[in-house]
Amino acid sequence: MEFENTKEAIALEDLNKFESEYKVLLPESYKNHLLKYNGGTPSKKYYKGVRVAFFNPIKYGGDTVEDVLEDLEDILPDNYLPIAYDPGDNQICLNLNEGNEYGYIYYLAMDLGEPSVEFLATSLEEMLNGLEESNNF
């Protein structure tokens, strides 16, 4: 899997600072993904009928995770981290709530003001490994 339009590389210290500021614990797979790409557009764009337009960087550029958190703070479910979005600005989120669904990926359709939450994958790896070049869902 290749990513285009990635942002400047970040360091583990950047992730630690983010976790400390937002009082969250990021899954290791997501940290590794950010350290490798820090945002960008995947070469394969479709997962279960959802087109992934862009992964949000933690730092650098527009549409950082922090920017989206601030913009959608009154809309996002508690402890859902916006990690990517589709062409219609619907969010793809990582569930950071403690429990069985920690690290699960959800699609939040933002069409009606209140997000409609739809399960996508049990992990970031599952989603990334399942991305396809065309919408076969």
Side-chain angles (χ1 to χ4, degrees):
M1 168 83 57
E2 296 296 321
F3 275 75
E4 300 172 346
N5 306 314
T6 58
K7 301 303 175 192
E8 185 178 330
I10 59 170
L12 189 56
E13 294 79 31
D14 296 314
L15 294 175
N16 293 338
K17 181 180 176 186
F18 181 87
E19 287 180 315
S20 177
E21 285 180 14
Y22 285 92
K23 297 175 179 49
V24 296
L25 178 62
L26 301 173
E28 288 300 314
S29 61
Y30 181 56
K31 288 183 188 181
N32 292 333
H33 176 76
L34 287 168
L35 290 169
K36 186 172 182 179
Y37 298 111
N38 191 32
T41 305
S43 57
K44 296 179 181 177
K45 295 178 177 37
Y46 292 93
Y47 185 78
K48 292 186 176 180
V50 173
R51 181 168 183 240
V52 180
F54 192 78
F55 275 84
N56 301 319
I58 282 289
K59 194 175 172 179
Y60 307 118
D63 290 330
T64 64
V65 172
E66 184 176 358
D67 292 340
V68 178
L69 278 171
E70 288 176 14
D71 289 346
L72 301 177
E73 68 182 318
D74 295 331
I75 297 172
L76 290 174
D78 289 343
N79 295 314
Y80 272 51
L81 190 72
I83 62 170
Y85 55 88
D86 74 3
D89 286 333
N90 297 299
Q91 300 299 307
I92 298 167
C93 293
L94 187 61
N95 181 353
L96 298 180
N97 287 297
E98 292 181 16
N100 294 340
E101 295 183 2
Y102 171 80
Y104 281 22
I105 305 293
Y106 289 89
Y107 178 72
L108 278 67
M110 310 295 277
D111 299 339
L112 305 173
E114 284 293 317
S116 170
V117 180
E118 178 185 329
F119 169 79
L120 281 181
T122 59
S123 67
L124 179 63
E125 298 96 338
E126 180 181 312
M127 187 179 111
L128 291 175
N129 290 333
L131 285 171
E132 299 179 339
E133 290 181 22
S134 60
N135 189 1
N136 296 322
F137 194 72

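Nothing fancy with the numbering, it's 1 onward along the sequence.
Residues L124 and S29 share a closest heavy-atom pair of CD2-O, 4.0 Å. Residues S123 and E126 share a closest heavy-atom pair of OG-N, 3.1 Å. In terms of heavy atoms, A84 sits closest to V52 at CB-CG1, 4.2 Å. Between P27 and Y102, the shortest heavy-atom distance links the atoms N-OH, 3.2 Å. Looking at every heavy atom in both residues, P82 comes nearest to C93 through CA-SG, 3.8 Å. Pairing each heavy atom of Y104 with each of T122, the nearest pair is CD1-O, 3.3 Å.
Put simply, the side chain of D14 never gets that close to the backbone of I10: no donor and acceptor are under 3.5 Å apart. Looking only at distances, a side-chain donor or acceptor of N38 sits under 3.5 Å from a matching main-chain atom of E8. Formation of a donor-acceptor pair under 3.5 Å by the K48 side chain with backbone atoms of L120 is found in this model.
Cluster annotation: I75 is connected to I105 through the hydrophobic network of ILVMFWY side chains, with a link wherever side-chain heavy atoms come within less than 4.5 Å. Residues L72 and I83 fall within the same hydrophobic cluster, defined by Ile, Leu, Val, Met, Phe, Trp and Tyr side chains chained together at heavy-atom separations under 4.5 Å. Both V65 and Y22 are part of a single hydrophobic cluster, where members link through side-chain heavy atoms under 4.5 Å apart.
Atoms NZ and CZ, on K59 and F18 in that order, are 12.5 Å from each other to the nearest 0.5 Å. Here the straight-line distance linking atom CG of L15 with atom CG of N32 works out to 9.0 Å at 0.5 Å rounding. Remark: E118 CD to L108 CG distance equals 9.5 Å, nearest 0.5 Å. Annotation: the span from E28 atom CD to L35 atom CG amounts to 9.5 Å, rounded to 0.5 Å. For the atom pair CG of L94 and CG of L96, the computed distance is 4.5 Å after rounding to the nearest 0.5 Å.
Between Y106 and Y80, the angle of the ring planes lies from 30° to 60°, which puts this pair in the tilted group. Aromatic ring pairs are classed by plane angle as parallel below 30°, tilted from 30° to 60° and perpendicular above 60°; the pair Y30 and H33 is parallel.
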Residue pair D67, T64: steps toward the side-chain hydrogen bond (donor to acceptor under 3.5 Å, both in side chains) verdict: CA-CA 5 Å; D67 292 340; T64 64; 3.2 Å; yes
Chi angles and distances behind the side chain to side chain contact (heavy atoms under 4.5 Å, CB included) call for D89, M110: CA-CA 8 Å; D89 286 333; M110 310 295 277; over 6 Å; no
Intermediate values then yes/no, side chain to side chain contact (heavy atoms under 4.5 Å, CB included), E66 and I58: CA-CA 7 Å; E66 184 176 358; I58 282 289; over 6 Å; no
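Side-chain contact check for N90 and Y107: at least one donor-acceptor pair (N or O, by modelled atom type) lies under 3.5 Å. No side-chain donor from either of E2 and Y37 sits under 3.5 Å from a side-chain acceptor of the other.
No more than 12 heavy-atom neighbours from other residues, nucleotides or ligands sit within 6.0 angstrom of NZ on K44.
Salt bridge present: K31 and E19 bring a charged side-chain N and a carboxylate O closer than 4.0 Å. Taking 4.0 Å as the cut-off between side-chain N and carboxylate O, D86 and R51 do not count as a salt-bridged pair.
Contact annotation: the side chain of L26 approaches that of L81 to within less than 4.5 Å [non-hydrogen atoms, C-beta and beyond]. Proximity of E13 to K17: side-chain heavy atoms (C-beta onward) are nowhere separated by under 4.5 Å. Looking at T6 and K36, their side chains never come closer than 4.5 Å, going by heavy atoms from C-beta outward. I92 places none of its side-chain heavy atoms less than 4.5 Å from the side chain of Y47.
The side-chain hydrogen bond (donor to acceptor under 3.5 Å, both in side chains) test applied to N95 returns N97, not counting sequence neighbours.
Grouped with Y85 in one hydrophobic cluster are F54, the linkage being side-chain heavy-atom contacts under 4.5 Å among Ile, Leu, Val, Met, Phe, Trp and Tyr residues.
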